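Keep in mind that this is a model prediction, so the values were computed, not measured. Numbers here are sequence positions counted from 1. We count ligands from 1, going down the list as the structure has it; atoms in each ligand are counted the same way.
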Amino acid sequence: MLNGKAYRDWIGEHMTIGKDLLYLSEAECRALPLSDQEIFDLTERALVLYSEKKTDMPAKIALHPIPDTFYHAMPASIEEVSSAGLKWGSCYPDNRDRWGIRQANALVIYNDYLSGVPLAVMDGLFITEIRTPCVSFASAKYMAKRGARSFGMVGCGIQGIEHVRIAMNTLAELEKIYVYDLYEPAAEDLIRALQPQVRCPIVKASSLEELVKSSEVIATATIIPEKPNPQIRDEWVSKGQTLLLCDCHSLFEDATMKRADKYTVDSVAQHQLLAGYGYYPAGLPPIYAETGEVCGGHKPGRESDDELIVCNNIGMAVEDMMVLRVMFDRALDLKVGRFLPL
Ligand SMILES: NC(=O)c1ccc[n+]([C@@H]2O[C@H](COP(=O)([O-])OP(=O)(O)OC[C@H]3O[C@@H](n4cnc5c(N)ncnc54)[C@H](O)[C@@H]3O)[C@@H](O)[C@H]2O)c1
C-alpha cells in the first residue's frame, strides 16, 4: 500500500486536494469491491498497530443527550497507511420503536495525512457493520477453543447478521449456529437471509438459556444501556466458552466477568473511560490483555480448553481508519461517488 508523499501524489492524480471533497453515500460504500478476507486482515492489523502504540487514537469522546443514547467522536491516525480522520456515530436504542429506523448512525471525515485537508465525507455505518465482527472473530481466532463446533449469536440486528455471515471464515468447523433475539422476527429474518450462504444449520434458540448452554463461542450485539441489565445467568456459562461482547457487559452478570480466566478488551484506555461514564457499575475485571496484544503475539491467547475467556471489544477508530483508507482508494480508482466543492 502506498504511503506518505507517494500516496498523496496518487490521490492528487484523481482529485484536486484542497478543492474537491469526495462524497460517498452508504449505497456507494456498500457497492465497493472488498473481500471479507481483506476487511479481516486490515482490521486485525489495526488492532495490532494500536496495541503496539503505532497509531494515534484518543479514547472516544462521548455525548449522552437522552438516557441510554450516546454519540461517539472517534478520531484516529495510522502512520503505516497514512490514514487520518474521524467517525461521528450515534446509537439510539429506541429508534426502531419510536421512529421505525435503525439504532446506529455514523458519518466519516477522511483527511489527507500530510496536510490535514479533508478529502472525503463518507457513510460510517457500512464500515462499522463490516469491521466490528472482524474484531470479534480476530479475538476468536486466538481465544476460541480449537475446532469449536457451536456458535451462538444474541441480537440479530445489523451486527448479528454480519457476525453470523462471516462466523465460519474463522470458526471453520462449526456444526450449528444458534441465534436469539428478543424480537423474534429479527431471528427469523436472519435465518431466512443467511441460511442459503452459511454451510452449517442456523437455528433459532428457544431461549437465551438454551443458546448459552449450547454454544462454545457466544457473541452478543444487543443494546448498551447505561446500567447493565444482566439476563444471562452466571450458572449457564461454563469453562471453555469464549464470550465475544460488542455491547459491554449489558447481558452478563458481574460474577461471570469476574471469574473469567482471561478478560481482554480492545483498548484499556477506552474501557476505563466507559467505566468513568458509569457503564461498569461493579468495576472492570482485571484486564489480561488488549486484543491487539494477543493478535500480535505479544501475549498468549487460549492456553487450555478449560479457560473461560471474555473478549470485550467496544470498537476503535483505528479499525475504521484502516478499512476506510482502502474504501476511499477504491472509490477514487473506480470513480465512485461525487465531488463537492470544498
Ligand atoms: N463494539 C463495537 O464496535 C460495536 C459496533 C457497532 C455496534 N455495536 C453495538 O452492538 C449492538 C447492536 O448493534 P446493531 O447495529 O446490530 O443494532 P440493531 O438494532 O440492528 O440490533 C440489535 C438487536 O438486538 C436485539 N435485542 C435487544 N435487546 C436484546 C436482548 N436483551 N436479548 C436479545 N436480543 C436483544 C434487538 O431486538 C435487535 O434486533 C449495539 O449495542 C451497538 O451499540 C458495537
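In this structure, the side chain of Asp234 does not engage the main chain of Glu253 through any donor-acceptor pair within 3.5 Å.
Of the protein's non-hydrogen atoms, Ile158 CB, 3.7 Å is the one closest to atom 15 (O) of ligand 1. Of the protein's non-hydrogen atoms, Asn313 O, 2.8 Å is the one closest to atom 1 (N) of ligand 1. For atom 7 (C) of ligand 1, the closest non-hydrogen atom of the protein is Gln159 CG, 3.9 Å. Counting protein heavy atoms only, atom 11 (C) of ligand 1 is closest to Thr222 O, 3.3 Å. Nearest protein neighbour of atom 9 (C) of ligand 1, counting heavy atoms only, is Cys246 O, 3.6 Å. Of the protein's heavy atoms, Leu182 N, 3.4 Å lies nearest to atom 33 (C) of ligand 1. Of the protein's non-hydrogen atoms, the one nearest atom 2 (C) of ligand 1 is Ile314 O, 3.2 Å.
In the candidate list Asp181, Asp266, Asn95, Asp181 is nearest to atom 39 (O) of ligand 1, counting heavy atoms. With Gln103, His163, Gln231, Glu184 as candidates, the residue nearest to atom 19 (O) of ligand 1 on a non-hydrogen basis is Gln103.
Close contacts of ligand 1 with Cys91, meaning ligand atoms under 4.0 Å from a residue heavy atom, involve 43 (O). Ligand-side atoms of ligand 1 in range of Leu251: 31 (N), range being under 4.0 angstrom from any heavy atom. If you number the atoms of ligand 1 from 1 as listed, the ones under 4.0 Å from a heavy atom of Thr128 come out as 5 (C), 6 (C). Ligand 1 places these atoms under 4.0 Å from at least one heavy atom of Ile223: 41 (O). Of all atoms in ligand 1, listed by their number and element, those nearer than 4.0 Å to a heavy atom of Gly157 are 16 (O), 18 (P), 20 (O), 21 (O), 23 (C), 39 (O). Atoms of ligand 1 found under 4.0 Å from any heavy atom of Tyr183, numbered from 1 in the order shown, are 37 (O).
Residue contact check for ligand 1: Leu245 places no non-hydrogen atom closer than 4.0 Å to it. Residue Arg96 places a heavy atom under 4.0 Å from ligand 1. Distances shorter than 4.0 angstrom occur between a heavy atom of Arg131 and an atom of ligand 1.
A cation-pi arrangement, defined by a distance under 6.0 Å to the six-membered ring centre and an angle within 45 degrees of its axis, is absent between Arg325 and Tyr113. Geometric assessment of Arg98 against the ring of Tyr92 yields a negative cation-pi assignment under the 6.0 Å and 45° thresholds.
Under the 3.5 Å distance criterion, with hydrogens and angles disregarded, no donor-acceptor pair is assigned to the side chains of Asp266 and Tyr50.
At a threshold of 4.0 Å, the pair Glu79-Lys54 does not count as salt-bridged, since none of the basic side-chain nitrogens sits closer than that to a carboxylate oxygen. The pair Arg330-Glu38 counts as a salt bridge, with a side-chain nitrogen and a carboxylate oxygen less than 4.0 angstrom apart. Using a 4.0 Å cut-off between charged nitrogen and carboxylate oxygen, Glu216 and Arg302 do not count as a salt-bridge pair. Salt-bridge annotation for Lys239 and Asp261: present, with a side-chain N of the basic residue lying under 4.0 Å from a carboxylate O of the acidic one. In summary, Lys262 and Glu307 engage in a salt bridge, as defined by a charged side-chain N under 4.0 Å from a carboxylate O.
When heavy-atom distances to ligand 1 are checked against a 4.0 Å cut-off, Thr132 comes that close only through its side chain, counted from C-beta outward.
Met322 and Ile166 fall into different hydrophobic clusters, defined by Ile, Leu, Val, Met, Phe, Trp and Tyr side-chain heavy atoms under 4.5 Å apart, directly or through other members. A chain of hydrophobic side-chain contacts below 4.5 Å, direct or via other Ile, Leu, Val, Met, Phe, Trp or Tyr residues, connects Leu32 to Leu107.
Listed by chain and residue number, Leu63, Tyr71, Ala73 satisfy the side chain to side chain contact (heavy atoms under 4.5 Å, CB included) test with Trp88 (two or more places apart in sequence, or in another chain).
Of the polar atoms of Ala104, none of the N or O atoms is found under 3.5 Å from an N or O of ligand 1, judged by distance alone.
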